[in-house]
Structure formats: C-alpha cells, structure tokens
Amino acid sequence: MKAKKILGTILCAAMAFTALTGCAAGGSGKNKVGVSMPTKDLQRWNQDGDNMKKELEAAGYEVDLQYANNDVATQLSQVENMVNSGCKVIVIAAIEGSSLGTALDKAAAKKIPIIAYDRLLMDNANVDYYATFDNYMVGTIQGTYVKETLDLDNASGTYNIEFTAGDPGDNNAGFFFNGAYDVLKPYIEKGTLNIVSGQKTFEEVATPSWKTETAQSRAENILSTYYADGTNVDVWLCSNDSTALGVENALATNYNGSYPIITGQDCDKANVKNMLAGKQSMSVFKDTRTLASQVVKMVGQILKGETVDVNDTTTYNNGKKVVPSYLCSPVFADANNYQKILIDSGYYTTADIS
Ligand code: BGC
C-alpha cells in the first residue's frame with residue numbers, strides 16, 4: 001500500500017513535470033522536431049509544412065508543426081513553446097528575420113540547434129544552419145529571361161519596364177531583386193530598358209508581407225499615373241508569384257496596351273494557370289520536396305552528431321555570423337516545360353492546374 005502510494009506520487013510528479021515542460025519525446029519515445037512556418041495564406045508554406053511533417057515522420061521523428069498567421073508575436077510564442085516542450089531541433093521559416101532573437105537565445109540556453117528554413121534568421125548568433133534555394137540565382141534566372149526574350153544585346157529601341165519586389169523583412173527579397181537587377185542594370189544604364197515610373201530602388205518597389213493586394217494597388221497606381229496615356233509597359237519584373245498575381249490583376253482592369261512579359265517565382269497553382277493562359281511568362285520552380293528532404297537530412301545529421309551537409313559558407317551573413325548554408329538549385333519554368341517539371345515529377349496533377 002505504502003509502496004503503491006510512493007509510486008503514485010512519483011508518477012504524479014513525473015506527469016506534472018511532463019505537463020510543465022511538455023517533456024521531450026512525449027509518449028512516443030521519439031525525438032521531437034519543431035517546425036515553425038510563417039503562414040497558411042500562401043500556397044508554398046502549406047506545401048513546405050506538409051512535406052516537412054511527412055518526411056520527418058517517415059524518418060521516425062515526432063513533429064510539432066505550427067503556422068503563425070503572418071503574425072510575428074504568434075511565431076515568437078510558438079517557437080518559445082517549442083523550446084519549452086522538449087524539441088530537439090527547431091526548424092524556422094521566419095515571418096520577419098530579425099524578430100525571433102529572444103526565442104533563439106532561449107533555444108541556445110537549452111542547446112537546441114536551430115535551422116533557418118528558406119529565409120535566414122537575422123541579427124542573432126544562435127542560428128546553426130540555413131537551408132534554402134539559391135536566392136540570388138532566382139533573380140538572375142528572372143533577369144536573364146527578360147534579357148534573352150527581348151534580345152537586349154541586339155535591341156535598337158527602348159523597352160519599358162517596372163519592378164515589383166518582396167517583403168523588406170525577408171532577407172531573401174533583396175537577393176531576388178539584386179539578382180534580377182544586376183542582370184538588367186547594364187541595359188537600364190544604356191537606355192535599352194526604361195523604368196517609366198522611375199521607381200528602381202528595392203525600398204521603392206518592395207511589397208510588405210509579399211501581399212498580392214499590396215502589389216496590385218501599387219501596380220494600379222503606376223498604371224494610372226504613367227501608362228494611362230497609352231504608353232506600353234513591356235516588362236514587369238516581379239520577384240515572386242504572389243506579387244505577380246497582384247500585377248496581373250491590376251493589368252486586367254487598368255491597362256489596354258500590349259501585354260507585358262511578367263516574371264514570377266514558386267509555380268503557385270494560380271500562376272501556373274496564368275502561365276498557361278498567357279498572363280504570366282515564366283516562374284521559378286523551387287521544388288519544396290527537395291528542400292524538405294535536405295532539411296530532414298540535416299536534422300538527422302545534427303541528432304546523430306554527424307557532419308552536417310552544407311555547400312555555402314560565405315554568402316549568408318546574418319549580421320552576427322556567416323551561417324553555414326545548403327543551397328538547393330532553382331529551376332526555370334514556363335508553359336513549355338511545366339509538363340515535365342511540374343506534372344511528370346508528381347508535384348502537381350493536371351487537375352491542380354486546370
Ligand atoms: C520565399 C519565396 C516566396 C516568398 C513569399 C520567400 O522567402 O523564398 O519562395 O515566394 O517568401 O512567401
């Protein structure tokens with residue numbers, strides 16, 4: 001009786017401790033991995049989250065997957081919760097790269113390694129690894145597409161161009177913009193490309209939170225201010241698909257000229273449909289399955305104490321350190337190759353994009 005009581009007390013204490021700490025591997029005995037995603041609003045993060053969960057579970061981990069509704073305070077508390085609930089590694093795609101410092105410090109105090117996923121975590125030394133696509137290359141693919149499609153090296157006239165970039169709080173956004181701008185800059189300087197609105201710095205063309213509606217209203221303003229007199233816009237360089245969609249919506253109702261070249265990134269379903277309908281010229285395919293597999297591999301290497309795969313140790317300085325990174329390769333996509341890269345690869349079904 002007495003022994004039973006003591007055992008009961010121990011069990012109760014253990015349960016209370018578990019409730020308090022969320023204790024390591026829960027009932028499953030498996031290592032728990034936290035995955036913090038920015039939002040369910042954009043298609044890509046849903047795919048990233050799903051892929052990560054599926055692959056981590058297949059590799060034998062318990063997964064705590066959270067979406068933060070694009071709200072920085074929510075993401076901060078979700079990550080802190082992961083720290084306190086016994087996650088062994090935490091993978092984070094940040095809403096705002098610089099805003100998670102307190103959670104990262106708490107993770108470091110518990111020796112929980114952090115992997116920045118797709119977007120670099122900024123201004124904090126407690127970021128162990130970074131896995132992403134080559135973000136600068138995404139921009140150069142877009143810029144090169146414009147250069148080659150218009151044969152800018154041999155062009156005698158002038159083409160009108162506008163830019164729409166991404167979220168200033170996302171470290172990737174500058175890489176995308178600079179990658180594209182660096183390819184096009186010589187032609188802008190020569191006058192082969194003319195930015196009619198004059199808006200050409202990243203700050204001027206950025207889109208807070210990558211919002212379609214924000215990109216749309218800026219494009220509407222530009223169209224009504226600079227193109228209402230019948231001037232054609234020949235190129236609209238958009239850093240990704242959510243912003244391209246905003247520009248495409250604006251063109252549909254605010255523009256009568258000849259339809260421009262429009263770039264994008266992600267191969268979101270809505271944008272692939274637009275590519276097939278001739279409303280978007282290209283996109284950049286970043287196979288989220290590849291990134292998820294790479295990150296799951298890194299998690300395994302960390303937990304087994306093995307050397308972690310990285311292929312870039314110079315590019316991604318987060319303000320406190322250069323974070324060892326693994327860069328996956330982005331792939332050019334348009335209406336001619338979508339069947340092979342998106343359908344035949346099993347990324348989408350035909351129904352997904354019809
Ligand atoms: C990602 C892009 C995405 C954008 C908006 C960036 O950090 O790299 O793929 O289009 O965020 O979600």
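Residue numbers count from 1 along this sequence. Below, all heavy atoms of this structure are taken into account, side chains as well, without hydrogens, waters or symmetry copies. Since the structure is predicted, the reported quantities are computational estimates derived from the model, not experimental observations.
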Do Tyr67 and Val295 belong together in a cluster built from hydrophobic side chains that touch within less than 4.5 Å? yes

With no hydrogens and no angle check, do the side chains of Arg218 and Gln199 hold a donor and an acceptor under 3.5 Å apart? yes

Do Val272 and Val331 sit in one hydrophobic cluster, given that two such residues count as connected whenever their side-chain heavy atoms are within less than 4.5 Å of each other, even indirectly? yes

What do the steps show when you test Arg44 against Asp241 for salt bridge (Lys or Arg N to Asp or Glu O under 4.0 Å), and what is the final call? CA-CA 10 Å; Arg44 79 150 290 186; Asp241 279 354; over 6 Å; no

Go through the steps to decide whether Asp105 and Asn124 satisfy the test side chain to side chain donor-acceptor pair (under 3.5 Å), and finish with yes or no. CA-CA 8 Å; Asp105 292 345; Asn124 191 292; 3.1 Å; yes

Where the side chain of Ser224 meets the backbone of Asn221, is there a donor-acceptor pair that is under 3.5 Å apart? yes

Answer with yes or no after comparing the ring centroid distance for Tyr326 and Tyr129 against a 6.0 Å cut-off, counting only values under it. no

Heavy-atom donor-acceptor pair, Asn172 side chain to Asp118 backbone, under 3.5 Å: yes

Taking the cut-offs as 6.0 angstrom to the six-membered ring centre and 45 degrees off its axis, would you call Lys30 and Tyr61 a cation-pi pair? no

Under a single-linkage definition using a 4.5 Å side-chain heavy-atom cutoff for Ile, Leu, Val, Met, Phe, Trp and Tyr, are Val127 and Tyr130 assigned to the same hydrophobic cluster? yes

Joint cluster assignment, Val299 & Leu291, ILVMFWY side-chain distance < 4.5 Å: yes

Taking the six-membered ring for Trp, is the centroid-to-centroid distance between Tyr145 and Phe332 below 6.0 Å? yes

With rounding to the nearest 0.5 angstrom, report the CE to NZ distance, Met82 to Lys88. 15.0 Å

Using every non-hydrogen atom in the two residues, find where Met282 and Gln142 come nearest and quote the distance to one decimal. CE-CA, 4.0 Å

Transitive ILVMFWY side-chain link Tyr181 to Val138, under 4.5 Å: yes

Check whether any side-chain heavy atom of Ser281 lies under 4.5 Å from a side-chain heavy atom of Met275, and answer yes or no. no

Looking at OG1 of Thr140 and CG of Asp182, how far apart are the two atoms once the value is rounded to the nearest 0.5 Å? 9.0 Å

Centres of the Phe175 and Tyr316 rings: under 6.0 Å? yes

Is there side-chain contact between Glu55 and Ser293, with at least one heavy-atom pair below 4.5 Å? yes

Using modelled atom types only, decide if a donor and an acceptor are shared between the side chain of Asn46 and the backbone of Leu42 within a distance under 3.5 Å. yes

Decide whether Asn160 and Asn232 meet the rule of one side-chain donor and one side-chain acceptor closer than 3.5 Å. no

Between Glu162 and Ser197, does any side-chain donor sit less than 3.5 Å from a side-chain acceptor? yes

Under 4.5 Å between any side-chain heavy atoms of Phe202 and Asn178, yes or no? no

Ion pair Asp123/Lys320, N-O distance below 4.0 Å: no

Do Tyr338 and Phe285 have ring centroids that are under 6.0 Å from one another? no

Which class fits the ring pair Tyr227 and Tyr255: parallel under 30°, tilted 30 to 60°, perpendicular over 60°? perpendicular

Between Asp48 and Asn51: side-chain donor-acceptor atoms closer than 3.5 Å: no

When you measure from the side chain of Thr212 to the backbone N and O of Ser242, does any donor-acceptor pair fall under 3.5 Å? yes

Hey, does the side chain of Gln43 reach the backbone of Lys269 with a donor-acceptor pair shorter than 3.5 angstrom? yes

Give the minimum heavy-atom separation between Asp266 and Ser283, together with the two atoms involved. N-OG, 3.4 Å

Assess the residue pair Thr307 and Gln301 against the criterion (side chain to side chain donor-acceptor pair (under 3.5 Å)); give the C-alpha distance rounded to whole Å, side-chain angles, the decisive distance to 0.1 Å, and a yes or no. CA-CA 6 Å; Thr307 306; Gln301 288 167 333; over 6 Å; no

Any ion pair linking Glu204 and Lys200 (charged N to carboxylate O, less than 4.0 Å)? no

Centroid-centroid distance, Phe176 to Tyr136, less than 6.0 Å: no

Okay, side chain of Thr243, backbone of Asn240: is any donor-acceptor separation there less than 3.5 Å? yes

Under a 3.5 Å distance rule, please check whether Thr158 uses its side chain to pair with a backbone N or O of Gly191 as donor and acceptor. yes

Any idea which heavy atoms bring Gln280 and Gly264 closest together, and the distance? NE2-CA, 3.6 Å

Where is the tightest heavy-atom contact between Thr207 and Ala165, given as atom of each residue plus distance? OG1-O, 2.6 Å

Identify the residue among Asn274, Asp268, Leu276 that makes a side chain to side chain contact (heavy atoms under 4.5 Å, CB included) with Ile353. Leu276

Ignoring hydrogens and angles, state whether a donor on the side chain of Gln265 or Ser239 is under 3.5 Å from an acceptor on the partner side chain. no

Nearest-0.5 Å distance, OG1 of residue Thr132 to CG of residue Asn135: 4.0 Å

Quiz question: by atom type and distance under 3.5 Å, do the side chains of Asp64 and Gln66 form a donor-acceptor pair? yes

Closest non-hydrogen atom pair between Gln75 and Ala93, with its separation: NE2-O, 2.9 Å

If I compare all heavy atoms of Lys147 with all of Val183, which pair ends up nearest, and what's the gap? CD-CG1, 4.1 Å

